[in-house]
Engineer: 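One structure coming up, written as structure tokens, with questions to follow.
Excluded from the calculations below are hydrogen atoms, water molecules and symmetry mates; all remaining heavy atoms, backbone and side chain alike, are included.
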There are 2 protein chains.
Amino acid sequence: MRAEDIEKLKCLNVFRGVKENTFQRAIAPSFLQSFPAGTILLEENRPADFLYIVLDGLVEMSSSATGDETVIEILGPVNLFILAAVLNNDICLQSARTLTPARILMIPANLIRELLAEDHDFMKAVVFELASAYRRTVKELKNQKLRSGAERLANWLLREERSQGGEGRLTIPYEKRILAAYLGMTAENLSRGFSALSAHGVNIKGLQVDIVDIGKLIDYARPSPLIDDGEPRLPRD
Amino acid sequence: MRAEDIEKLKCLNVFRGVKENTFQRAIAPSFLQSFPAGTILLEENRPADFLYIVLDGLVEMSSSATGDETVIEILGPVNLFILAAVLNNDICLQSARTLTPARILMIPANLIRELLAEDHDFMKAVVFELASAYRRTVKELKNQKLRSGAERLANWLLREERSQGGEGRLTIPYEKRILAAYLGMTAENLSRGFSALSAHGVNIKGLQVDIVDIGKLIDYARPSPLIDDGEPRLPRD
DNA sequence: CGGGAGCTTGAGCTTGTTCAACCTTCGTGG
DNA sequence: CCACGAAGGTTGAACAAGCTCAAGCTCCCG
């Protein structure tokens, strides 16, 4: 593992303030693997044998029922997934698939559970990670229940613009059909959503989006810190 | 506080296996209060000063944006709420309101955070509680994104029938408009949902629901353990 | 240059919402 | 004790949002 990877891992909430020994024991027996785009990392309804950490690339968390499929979350570096299933020693509620070539660290689930019992600081970091994940999911639920498709798109654009530097433009980092599934709409409806937003300060060309009048877009989207702002990645104390 | 209440509290996931001392310290300075139906216990966007535990009655967790309101969760005894906000020392994402007369224990938030640092077993219990809450919310998100209104209703009926004894009938424990908001539909649409389900083995009269043909209802609802089954309230180990 | 994948557009349809009227139940006051 | 009113629930009609299907477009890549 590269020194640069170690640095990345230490940025994770879940390793913050953790004993060096715990950290070393966690990564020593773990697999660092590179996967091509489109690899299925795990499928829902399977036991969670590893905790996964994305070091590079994008991973889509999805779920399906009766033919329909939806995207729950899309993770970039550095993020972890299926922590809750690992802790509960339970099956996964979501499938995971790489959207781009990706480098992923896989830590054996029982090792995580061992370390949890041994290192109080690790446990504390896990508590904050879970609390944040929970709050993010509640926000997503509100997003789905309280807003229309076009509103969800508008707010996603605002969030993405900010995280891509706040320069008034952004690049959609994956296929539009995936964005559509994440936003809870069909690809067709996403297209129409973009057309509708052209009246509210948004120009789109391919995957390139220009927000020509951000005030107008904000007026339309009505973003709320109770729905949109990401949970702080650092626990305050 | 009654002995019976102490028993109830000890049933909570979050106090399971916790030191007697921690438990006593948690409840000693806490307020046990009775509220009439319709009391607003807390409003979203406010700091979380207490951890709330429902000992009797029903509490509705809701959220609103731009005029619209939705119900996120409905809690009976014995359940806790806003644990995540308490741990993060952050604002609440949801409002809480009693639906019936209710008895609620309120534990000061900073006390919770203190105890967390002192009692490793308490922290461990909190980890499992949070992991379960997270998984429940992911399931609810899937419920919303993957199913139609009538399907959500059908699956809610199946879950409720089971938790009310599995006798093929159930009583809706609150107003239908609240059920509608919880299921993510309008009151009118809920009405139509019930009419539609009469073709799938469901009879309704007032708040009384009879499931005359549960096989038929299951065929229609297609319940899934990845969406519907409640998270186990006891961590396995 | 041709082919294919992803995206867009349009038409028709399904689902869900809105608004208004009406019905039912229940509690209150004449 | 009945009458009335208010609140919750249901029903219907019109409308809006979203989905499906099919056709056509664009862009990338061989």
Side-chain angles (χ1 to χ4, degrees), chain A residues 37-38 58 60 64-71 97 99-100 143-157 171-200 202-209 220-221, chain B residues 36-38 58 60 64-71 97 99-100 143-156 171-200 202-209 220-221:
Chain A
L58 291 174
E60 169 208 84
S64 60
T66 36
D68 229 9
E69 192 183 57
T70 192
V71 172
R97 190 173 61 107
L99 294 180
T100 62
N143 192 30
Q144 287 294 326
K145 289 182 82 172
L146 291 170
R147 303 214 262 228
S148 71
E151 284 171 337
R152 291 195 294 276
L153 172 58
N155 281 291
W156 181 86
L157 288 172
T171 307
I172 302 171
Y174 26 77
E175 289 179 11
K176 282 187 190 166
R177 57 182 50 198
I178 289 168
L179 175 59
Y182 172 57
L183 293 174
M185 54 211 288
T186 58
E188 293 93 328
N189 208 22
L190 177 63
S191 246
R192 292 186 240 272
F194 273 117
S195 315
L197 289 187
S198 66
H200 297 98
V202 175
N203 264 352
I204 183 167
K205 169 105 178 114
L207 294 177
Q208 208 64 33
V209 182
Y220 175 80
Chain B
L58 291 174
E60 169 207 85
S64 60
T66 35
D68 229 10
E69 191 183 58
T70 192
V71 173
R97 191 173 62 107
L99 294 181
T100 63
N143 193 30
Q144 287 294 325
K145 289 182 83 171
L146 291 170
R147 302 215 263 228
S148 71
E151 285 172 336
R152 291 195 295 274
L153 172 57
N155 281 291
W156 182 86
T171 308
I172 303 171
Y174 26 78
E175 291 179 10
K176 283 186 190 166
R177 56 182 54 198
I178 290 167
L179 176 58
Y182 171 56
L183 293 175
M185 55 211 289
T186 58
E188 293 92 329
N189 207 24
L190 177 64
S191 244
R192 294 184 181 110
F194 274 117
S195 317
L197 288 187
S198 67
H200 300 280
V202 174
N203 264 353
I204 182 166
K205 169 108 178 108
L207 294 177
Q208 209 64 34
V209 182
Y220 176 80

Engineer: Starting at NZ of Lys176(B) and ending at P of dT25(C), how long is that distance when rounded to a whole Å?
Structural biologist: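 Computing the Lys176(B):NZ to dT25(C):P distance gives 11 Å.
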Engineer: Between Leu99(B) and Ala37(B), which heavy-atom pair has the shortest distance, and what is it?
Structural biologist: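 Looking at all heavy atoms of both residues, the closest pair is O-CB, 3.7 Å.
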Engineer: Please report, rounded to the nearest Å, how far the C1' atom of dA6(D) is from the CD atom of Glu175(B).
Structural biologist: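 Rounding to the nearest Å, CD of Glu175(B) and C1' of dA6(D) are 13 Å apart.
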Engineer: Does Ser195(B) put a side-chain nitrogen or oxygen below 4.0 Å from OP1 or OP2 of dT10(D)?
Structural biologist: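 For Ser195(B), the contact criterion (side-chain N or O under 4.0 Å from OP1 or OP2 of dT10(D)) is not met.
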Engineer: In whole Å, what is the span from the CD atom of Gln144(A) to the C1' atom of dG18(D)?
Structural biologist: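 About 13 Å, once rounded to whole Å.
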Engineer: What is the minimum heavy-atom distance between Leu179(B) and Trp156(B), and which atoms define it?
Structural biologist: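 Where Leu179(B) meets Trp156(B) most closely, the heavy atoms are CD1-CE2, 3.6 Å.
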Engineer: Give a yes/no on whether any side-chain N or O of Thr186(A) is located under 4.0 angstrom from OP1 or OP2 of dC19(D).
Structural biologist: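 Affirmative; the distance criterion is met.
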Engineer: Would you say Ser191(B) reaches dG9(D)'s phosphate, i.e. side-chain N/O to OP1/OP2 under 4.0 Å?
Structural biologist: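 Looking at the OP1 and OP2 atoms of dG9(D), neither is under 4.0 Å from any side-chain N or O of Ser191(B).
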Engineer: Per the atom types in the model, does the base of dC21(D) pair as donor or acceptor with the side chain of Glu188(A) at under 3.5 Å?
Structural biologist: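 Between dC21(D) and Glu188(A), which were checked side chain against base, a qualifying N/O pair under 3.5 Å is present.
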Engineer: Measure from CD on Gln208(B) to P on dG8(D) and round the result to the nearest Å.
Structural biologist: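 Rounded to the whole Å, the gap is 20 Å.
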Engineer: Tell me what Asn189(B) touches on the nucleic acid: a base, only sugar-phosphate, or nothing, going by heavy atoms under 4.0 Å.
Structural biologist: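 The residue Asn189(B) makes base contact.
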Engineer: Whole angstrom is fine here: how far is it from NZ in Lys145(B) over to C1' in dC19(D)?
Structural biologist: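 Those two atoms, NZ and C1', are 16 Å apart.
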Engineer: Let me know, please, whether Arg177(B) or Arg147(A) comes out on the 5' side of the other along DNA chain D by nearest nucleotide.
Structural biologist: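 Going by which nucleotide is closer to the 5' end, it is Arg177(B).
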Engineer: Distance check needed: dT8(C) P versus Arg192(A) CZ, whole Å only.
Structural biologist: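 Taking atom P of dT8(C) as the reference, CZ of Arg192(A) is at 11 Å.
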Engineer: For the residue pair Glu151(B) and Leu146(B), what are the closest heavy atoms and their distance?
Structural biologist: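 Glu151(B) and Leu146(B) have their closest heavy atoms at OE1-O, 4.3 Å.
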Engineer: Check the pair Tyr182(A) / Leu190(A) against side chain to side chain contact (heavy atoms under 4.5 Å, CB included), numbers first and verdict last.
Structural biologist: CA-CA 11 Å; Tyr182(A) 172 57; Leu190(A) 177 63; over 6 Å; no
Engineer: Using atom CG of Leu183(B) as one end and atom C1' of dT17(C) as the other, report the distance to the nearest whole Å.
Structural biologist: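 Going from CG in Leu183(B) over to C1' in dT17(C) covers 16 Å.
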Engineer: So Gly206(A), base contact, sugar-phosphate only, or nothing? Heavy-atom distance under 4.0 Å.
Structural biologist: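 No contact at all - Gly206(A) keeps every heavy atom at 4.0 Å or more from the nucleic acid.
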Engineer: Would you check, one step at a time, whether the test side chain to side chain contact (heavy atoms under 4.5 Å, CB included) holds for Val202(A) with Leu153(A)?
Structural biologist: CA-CA 11 Å; Val202(A) 175; Leu153(A) 172 58; over 6 Å; no
Engineer: Nearest heavy atom decides the nucleotide; on that basis, is Lys205(A) or Ser148(A) closer to the 5' end of DNA chain D?
Structural biologist: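 By nearest-heavy-atom nucleotide position, the 5'-most residue is Ser148(A).
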Engineer: Mind calculating the distance between CG (Leu190(B)) and C1' (dT17(C)) to the nearest angstrom?
Structural biologist: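 Distance, rounded to whole Å: 14 Å.
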